[in-house]
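Beneath this line is the structure, given in structure tokens, with notes to follow.
One-based numbering along the sequence shown.
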Amino acid sequence: MVLADKLKQLLLNLLINARDASEPDGRVEVRITRADPEAARIEVLDSGRGIEKKDLVRIFEPFHTDKTRGLGIGLFLCERIASLHG
């Protein structure tokens, strides 16, 4: 998988996670800012309830989820892809 495809997968995983975390009439927002001439910062925000403090240390672990469906690898993959891109 080429780097552009990995970035697409990263953004898709974050958007799905944000959508799932939000209420049916909730809001998902994407912000992109230029960090420097060769880099951008992408933020995905949602109006969900947030992550409980006790779960913060585990959110990037594979198979960790509080959802009733899914494998719990979305944020794990996001962290790996983001690390590859610095």
Closest heavy-atom pair and its distance - [X], [Y]:
X	Y	answer
Val44	Ala18	CG1-CB, 3.8 Å
Ser47	Gly26	OG-CA, 3.2 Å
Leu10	Ile81	CB-CG2, 3.9 Å
Ser22	Gly48	OG-N, 3.9 Å

*Same cluster (ILVMFWY, side-chain, under 4.5 Å), Leu56 and Leu45*: no
*Mind checking whether Leu84 and Leu14 sit in one hydrophobic cluster, side chains of I, L, V, M, F, W, Y counted as touching below 4.5 Å?*
no
*Taking atom CZ of Arg27 as the centre, does the number of heavy atoms from other residues, nucleotides or ligands within less than 6.0 Å exceed 12?*
no
_Taking CD in Glu23 as the centre, count heavy atoms belonging to other residues, nucleotides or ligands within less than 6.0 Å. Is the count above 12?_
no
Hey, are the side chains of [X] and [Y] touching, using non-hydrogen atoms and a 4.5 Å cut-off?
X	Y	value
Arg41	Ile32	no
Val30	Leu15	yes
Arg31	Ile42	no

Spacing of [X] atom [atom1] and [Y] atom [atom2] [to the nearest 0.5 Å]:
X	Y	atom1	atom2	value
Cys78	Asn17	SG	CG	7.5 Å
Arg49	Asp46	CZ	CG	10.5 Å
Glu43	Glu29	CD	CD	9.0 Å

*List the steps, then state whether side chain to side chain contact (heavy atoms under 4.5 Å, CB included) holds for Leu12 with Ile16.*
CA-CA 6 Å; Leu12 178 63; Ile16 289 169; 3.8 Å; yes
*Could you check Gln9 against Leu77 for side chain to side chain contact (heavy atoms under 4.5 Å, CB included), going step by step and ending with a plain yes or no?*
CA-CA 9 Å; Gln9 186 64 53; Leu77 292 174; 5.5 Å; no
